[in-house]
Amino acid sequence: MDFLKDMIQELKEQNLYIELPVLGTEQKNRVVLNGKDVIMMCSNNYLGFANHPRLRNAAKAAIDKWGFGTGAVRQIAGTMEIHIRLEEMLAEYKRTEAALVFVAGIAANRGTIQAIMGEEDAIISDELNHGSIIDGVRLTKSARKIYPHMDMDGLKKALLETKDARRRLIVTDGVFSMDGDIAPLDRIVELAEKHDAMVMVDDAHGDGVLGKDGRGIIDHFGLEGKVDIDMGTLSKAFGCLGGYIAGRLELREYLINSARSFIFTTAQPPAVAAATMEALRMIQDEPQHLRNLWDNTRYFKKAMGGMGFDIGRSQTPITPVMAGESKTAMELSRQLFHEGLFAKPIVFPLVAKDKARVRIIVTAQHTRKDLDDAISIFERVGKSMKLI
Ligand SMILES: *Cc1c(COP(=O)(O)O)cnc(C)c1O
């Protein structure tokens, strides 16, 4: 296995090498990370649910009632009543006929695209779609067309070029995770209807964030019933773990029988299902979290923009702070950490060479003091690095 050393060296040279940052505390607004007290500014814990007492208590009660593990894959003996209840609740929340839970969002994307798309079909995908969608596409023998980011003329062209395919699937992130921009789902659906294609949206960063009660991008655009496959994750705003697909009854039924990432893996622990159900209740009966998320987002963006930082074209809590070259973004992140703020740099080839940044996600849990401290750290570091 000596070749691994060379491959690791290669990753380092390409800026692709990662060392895992390690939390010494629960996930929250302020954490201990690699032994240092910092403001956490890059979790996906949008609503602050990951450590919320209501979710903790729901999980504990489920452990008492159902035990910890499930001991089997869903199809054989791992499905508990609590999984079915969670799926019914998700379907109600997403206003679809049915939902199916997977062990992770990545499993939902891989399994679903793999299951429904065959050799005679074509998949049309935005160039900036998430890696789990790309994986799903790679698991098929379908023809593929990648259109330029959010370019509706490009999408139209791809639809015309694939008109002989048996079935077509347009797949897009709802909120793009690097820039925080929102896919024009209304126009995508319009084009899909006109050209008789299916639409799948990945709502990982829209769930719990966009729409009424955080119902996501479909609610945001008022497109209920018009999107064939609504994919989401339980791991981000919901503060838990898992992925899901919401849509027609037959979609659920078919995926149970054909999605390999559903079939060949053990059922999610009941405590996770219980905590997710509690998260869905909380989003609806404690609207202050969603309100805080957006208030905090607006407050932070306004201050950062006001100081002269380039914060991109985000329409969501995801806030890229543009640094330019990769090494500048890495240095920015390093200095922020030194001053007590944690935000990972995102560099080439994940983003374009001159578009390296640190990506900030403000959460509902950040206090005004957390944000003011973060803003003054950015001001200090930004000035010393001549970014502002
Ligand atoms: C995080 C993410 C996923 C994967 O979800 P997990 O539940 O973490 O596996 C899928 N798609 C997008 C766009 C994501 O950001």
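Numbers for residues simply follow the sequence, beginning at 1. Predicted model, so just to flag it, every value in this text is computed and none were measured. First listed ligand is number 1; within each ligand, the first listed atom is number 1.
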Going by the order shown, which atoms of ligand 1 are within less than 4.0 Å of some heavy atom of [X]?
{"X": "His205", "answer": "15 (O)"}
{"X": "Ala104", "answer": "7 (O), 9 (O)"}
{"X": "Ala204", "answer": "2 (C), 11 (N), 12 (C), 13 (C), 14 (C), 15 (O)"}
{"X": "Ser132", "answer": "10 (C), 11 (N)"}
{"X": "Thr233", "answer": "5 (O), 6 (P), 7 (O)"}
{"X": "Gly242", "answer": "7 (O)"}
{"X": "Asp202", "answer": "10 (C), 11 (N), 12 (C), 13 (C)"}

Query raised in the report: Would you say the side chains of Tyr299 and Asp372 form a donor-acceptor pair under 3.5 Å?
Result: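 On atom types as modelled, these side chains qualify, holding a pair under 3.5 Å.
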Query raised in the report: Can a donor-acceptor pair be found between the side chains of His205 and Tyr46 at a distance below 3.5 Å?
Result: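 Yes.
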Query - Selected option - heavy-atom contact closest to atom 8 (O) of ligand 1, from Cys240, Gly243, Ser235 - result: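 Checking each option, the heavy atom nearest atom 8 (O) of ligand 1 is found in Ser235.
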Report task. Could you point out which residue of Leu128, Ile133, Asp126 forms a side chain to side chain contact (heavy atoms under 4.5 Å, CB included) with Asp173? Result ->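 Filter result, single survivor: Ile133.
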Query raised in the report: Knowing that exactly one of Leu371, Asp370, Asn296 qualifies, which makes a side chain to side chain contact (heavy atoms under 4.5 Å, CB included) with Asn29?
Result: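 So, applying the side chain to side chain contact (heavy atoms under 4.5 Å, CB included) to Asn29 and each of Leu371, Asp370, Asn296, only Asp370 qualifies.
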Query raised in the report: In a check of salt bridge (Lys or Arg N to Asp or Glu O under 4.0 Å) between Lys94 and each of Asp203, Asp213, Asp219, which one passes?
Result: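 The single option meeting the salt bridge (Lys or Arg N to Asp or Glu O under 4.0 Å) with Lys94 is Asp203.
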Query raised in the report: Does ligand 1 have any atom that is closer than 4.0 Å to a heavy atom of Gly131?
Result: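 False for this residue.
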Requested in this report: Starting from atom 2 (C) of ligand 1, find the nearest protein heavy-atom neighbour and note its residue, name and distance.
Outcome: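 The answer is Lys236 NZ, 2.3 Å.
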Requested in this report: For atom 6 (P) of ligand 1, find the nearest protein heavy atom and state the residue, atom name and distance (0.1 Å precision).
Outcome: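 Ranking protein heavy atoms by distance from atom 6 (P) of ligand 1, first comes Gly105 N, 3.3 Å.
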Query raised in the report: Any N or O of Asp173 that comes nearer than 3.5 Å to an N or O of ligand 1?
Result: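 Such a contact does not occur with ligand 1.
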**Report entry** Nitrogen or oxygen of Ile106 less than 3.5 angstrom from that of ligand 1
**Finding:**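 In this structure, Ile106 places an N or O atom under 3.5 Å from an N or O of ligand 1.
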Query - Candidate pair Glu190 and Arg187, rule salt bridge (Lys or Arg N to Asp or Glu O under 4.0 Å), full reasoning - result: CA-CA 5 Å; Glu190 209 181 291; Arg187 290 161 64 205; over 6 Å; no
Query raised in the report: Transitively linked via ILVMFWY side-chain contacts under 4.5 Å: Val103 with Ile82?
Result: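 Different clusters: Val103 never reaches Ile82 through Ile, Leu, Val, Met, Phe, Trp or Tyr contacts under 4.5 Å.
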Query raised in the report: Can the ring centres of Phe176 and His149 be said to be less than 6.0 Å apart?
Result: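 Aromatic pair counts; centres sit under 6.0 Å.
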Query raised in the report: Is any NZ, NE, NH1 or NH2 atom of the basic residue among Lys28 and Glu26 found under 4.0 Å from an Asp or Glu carboxylate oxygen of the other?
Result: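 Judged by the 4.0 Å cut-off on N to carboxylate O distance, Lys28 and Glu26 do not form a salt bridge.
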